[in-house]
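Data first, discussion second: the structure below is written as structure tokens.
Numbers restart at 1 for each chain; the letters A, B, ... are given by sequence-line order, proteins then strands.
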Amino acid sequence: METNNQKEPSAAKSLNFIHEIIEDDIRNGKNESRVHTRFPPEPNGYLHIGHAKSICLNFGTALKYGGKCNLRFDDTNPVKEDVEYVDSIKEDVKWLGFEWSGKELYASDYFETIYEYAVILIKKGKAFVCDLPAEEMGKYRGTVNQGGIESPYRNRSVDENLDLFSRMRAGEFADGEKVLRAKIDMASPNMLMRDPILYRILHTDHHRTGNKWCIYPMYDFAHGQCDSIERITHSICTLEFEVHRPLYDWFIKEIGIYAPQQIEFARLNLTYTVMSKRKLLELVKGNYVNGWDDPRMPTICGLRRRGYTPESIRNFADTIGVARRDNIIDVSLLEFCLRDDLNKHASRVMGVLNPLKVVITNYPDGQTEEIDAVNNPEDETAGTRKVPFSKVLYIEQEDFNENPPPKYFRLSPGTEVRLRYAYFITCTGVLRDAVTGEITEVYCTYDPASKGGNSPDGRKVKSTIHWVSAQHAIKAEIRLYDRLFLSENPENATEVEDFKQNLNKDSLKISEGYIEPSVKNAEVLAKFQFERLGYFCVDKDSSAESLVFNRTVSLKDSWTKTNK
RNA sequence: UGUCCGAUGGUGUAAUGGUAACACAUCUGAUUUUGGUUCAGAGGAGUUCAGGUUCGAGCCCUGAUCGGACAACCA
């Protein structure tokens with residue numbers, strides 16, 4: 001049974017540089033030795049594997065040090081955000097096995113307080129209302145190589161600023177007409193410090209506050225303050241926010257509130273994998289995929305449908321570590337983590353994707369027997385199940401080859417193989433379609449003495465293949481998805497067109513296959529081919545927590561190589 | 001041409017002044033009722049470069065090179 005319970009803090013698991021900082025802080029009694037982190041997504045898209053790294057880091061760190069971790073939605077831009085995203089994010093975090101401290105929180109919960117913080121800054125002469133249109137403001141800001149120049153509105157009186165700001169809130173001005181800016185330093189080499197915008201006018205309904213507000217704080221004027229209000233001790237974020245840190249600290253200091261510490265780490269990059277919310281959104285909106293949870297998507301829900309387990313993703317996050325240098329992780333490591341988990345926990349089932357009929361000529365007509373099959377060879381407690389066996393079976397097309405190349409061990413004319421858990425069979429002939437000449441049936445004889453899969457005479461076979469009984473098996477539409485998104489070039493998963501083309505090619509194949517009848521309640525069945533994993537998952541009701549195992553399709557074996 | 005950040009096998013992560021470790025990937029061999037798993041083993045970096053400090057430097061200092069981030073009324 002899969003559990004969503006949080007794990008105990010993993011004892012003395014490898015430290016990363018963030019843990020070192022935290023341990024120092026604990027040792028020095030900083031923040032009364034509290035540890036309080038937060039995961040702060042903007043609800044403008046679904047979570048992906050990159051977020052999983054951040055989730056595991058933030059929640060995992062809190063767990064490790066007996067602290068707390070908040071889930072806070074950074075909902076300061078109503079034009080992009082939606083409750084659909086809020087709901088999916090909550091679900092995905094829970095599915096990964098984490099529990100946030102108390103109720104989920106929202107930046108919008110603090111809009112009133114943040115407004116008051118702005119007023120404090122105005123009163124201190126540290127903020128002003130600016131009438132420069134966006135385009136002009138861009139020019140005034142200068143470039144990375146050249147300082148900016150001060151806004152002509154920069155020296156408005158405190159009273160005038162106070163008046164204007166309250167009228168902004170009251171809705172007296174149109175979008176873009178005015179903004180509130182901090183008064184810092186237009187000559188700063190850090191562009192972010194050149195009188196950044198604090199509030200903009202947006203006459204847009206917010207998914208939580210409705211039409212209560214028509215001015216909204218910018219990220220920089222909200223994030224640190226939210227951290228402070230929640231008394232977050234360590235505000236862990238990705239490297240691109242590094243240049244924001246001086247501003248983060250400036251606001252905290254000028255407003256005079258509790259100071260959390262922002263710590264940045266390098267975000268996850270995966271080979272062949274597109275990790276941009278914007279691009280993923282484009283694929284969903286353009287119907288290139290069947291929604292955010294399409295198994296080809298690198299989203300958490302896509303991975304879930306693909307058969308990934310929460311445990312495997314947590315292990316992955318743990319294995320890749322945390323550092324400040326740019327990285328690109330080989331997607332095979334992610335797949336290894338899944339395989340590792342599945343090998344221990346997934347129950348196995350037999351099935352065929354592309355059926356080939358096999359008739360056991362010396363097996364009695366109409367007879368059926370129940371074969372005992374092990375559910376998980378690596379876990380005795382998983383028990384066994386009964387699988388029906390009869391005269392007519394289906395095997396995988398690629399498990400038969402009339403003219404076998406060297407080192408092909410599976411069924412071919414004259415060779416003997418084992419039907420897993422059942423009998424040894426030997427191929428005696430084939431039936432061809434009169435017109436096309438294609439093989440439609442394979443004839444075999446079985447050795448009744450080999451029941452269960454072993455011959456009393458100790459005879460060995462080189463291969464074991466999967467099978468289902470034709471009259472008992474569940475016929476199912478089987479969907480083969482390519483693995484995560486993918487560009488031919490491992491590092492070039494950046495061009496939208498590149499992976500759109502990939503998707504259109506053959507990232508999803510549908511075939512009519514058969515699954516053994518022990519798989520109950522199977523409505524939609526899907527096979528997700530994990531490259532080099534060889535598992536297939538059964539997507540029971542397309543909400544799909546389940547995954548069942550299979551047979552092996554090794555893409556690296558010599559047989560495959562020499563035949564491609 | 002600015003500021004900040006980073007640089008260790010193919011890919012990641014470790015080594016906290018004492019002669020580079022672990023995982024994935026790759027390649028062998030054994031076992032195996034999944035060509036999976038498991039087990040055993042191999043190859044592969046002398047730590048971007050150049051100086052300096054030190055008995056001793058991947059770790060400290062200086063400079064260079066390369067890579068990344070920053071000029072949204074996005075987060």
Checking B:C4, B:G2, B:G12 against the side chain of A:I329 (C-beta onward), the nearest is B:G12
Item to complete: Give a yes or no answer on whether the side chain of A:N190 reaches the backbone of A:V243 with a donor-acceptor pair at less than 3.5 Å.
Response: yes
Per atom distances to the A:R141 side chain, the nearest of B:A69, B:A71, B:A7 is B:A71
Out of B:A71, B:C73, B:U37, minimum distance to the side chain of A:R339 belongs to B:U37
Worksheet item: So, does the side chain of A:H244 form a donor-acceptor pair with the base of B:A75 at under 3.5 Å?
Response: yes
Report task. Please confirm whether the backbone N or O of A:C226 pairs with a side-chain atom of A:S228, one donor and one acceptor, at under 3.5 Å? Result -> no
Closest to the side chain of A:I328, out of B:C70, B:U11, B:U34, is B:U11
Testing B:C70, B:G36, B:U1 for proximity to the side chain of A:N343, the answer is B:G36
Exercise. Using the P atom in both, what is the distance from B:C73 to B:U11, to the nearest Å?
Worked result: 38 Å
message = Taking the cut-offs as 6.0 angstrom to the six-membered ring centre and 45 degrees off its axis, would you call A:R169 and A:Y115 a cation-pi pair?
response = yes
Among B:A7, B:U3, B:G35, the one nearest any side-chain atom of A:F409 is B:G35
Taken to the nearest whole Å, CZ/A:F17 to C1'/B:C5 is 11 Å
Picking from B:U13, B:C74, B:U11, the nucleotide nearest the side-chain atoms of A:N327 would be B:U13
Given the 90°-from-0 boundary between syn and anti, B:G46 should be labelled syn
Which of B:C73, B:C70, B:U34 is nearest the side chain of A:P377? It is B:U34
Taken to the nearest whole Å, NE2/A:H466 to P/B:G36 is 12 Å
Using only side-chain N and O atoms of A:R410, determine if any of them is under 4.0 Å from OP1 or OP2 of B:U34. no
Per atom distances to the A:P189 side chain, the nearest of B:C5, B:G2, B:A23 is B:G2
- Query: Looking for any heavy atom pair under 4.0 Å, which part of the strands does A:E242 touch: base, sugar-phosphate only, or nothing?
  - Reply: sugar-phosphate
- [ ] Using a 4.0 Å heavy-atom cut-off across all strands, classify A:N190 as base, sugar-phosphate, or nothing.
- [x] nothing
- Would you indicate whether the side-chain heavy atoms of A:L303 and A:I49 approach each other to under 4.5 Å? yes
message = Whether the side chain of A:T319 engages the backbone of A:N315 through a donor-acceptor N/O pair (distance < 3.5 Å, no angle test) should be reported.
response = yes
Separation of B:U11 atom C1' from A:F336 atom CZ, nearest Å, is 14 Å
Using a heavy-atom cut-off of under 4.0 Å over every strand shown, decide if A:N454 touches base, sugar-phosphate, or nothing. base
To the nearest angstrom, the CD1-P distance between A:I371 and B:U34 comes to 16 Å
Open item on the list: Is any side-chain heavy atom of A:R181 closer than 4.5 Å to one of A:L198?
Closed with: no
Between CG of A:N145 and P of B:C4 the distance, given in whole Å, is 14 Å
Q. Salt bridge between A:R267 and A:D326, side-chain N to carboxylate O under 4.0 Å?
A. no
Side-chain atoms of A:R200 come closest, of B:C74, B:G6, B:U34, to B:C74
- What does A:P40 touch in the nucleic acid at a heavy-atom separation under 4.0 angstrom: a base, only the sugar-phosphate, or nothing? nothing
Q. Within less than 4.0 Å of OP1 or OP2 of B:A75, is there a side-chain N or O belonging to A:T76?
A. yes
Atom CG of A:L270 and atom C1' of B:C24 are separated, to the nearest Å, by 13 Å
Exercise for the section: Check if the side chain of A:R418 and the base of B:U34 share a donor-acceptor pair of N or O atoms closer than 3.5 Å. Expected result: no
If pairing means Watson-Crick or G-U wobble with both distances under 3.5 Å, then the partner of B:U65 is B:A7
Taken to the nearest whole Å, CG/A:L281 to C1'/B:C74 is 13 Å
Here the distance between atom C1' of B:C73 and atom CD1 of A:I201, to the nearest Å, is 9 Å
Exercise. With sugar-phosphate meaning primed atoms plus P, OP1 and OP2, does A:F241 contact a base, only sugar-phosphate, or nothing at under 4.0 Å between heavy atoms?
Worked result: base
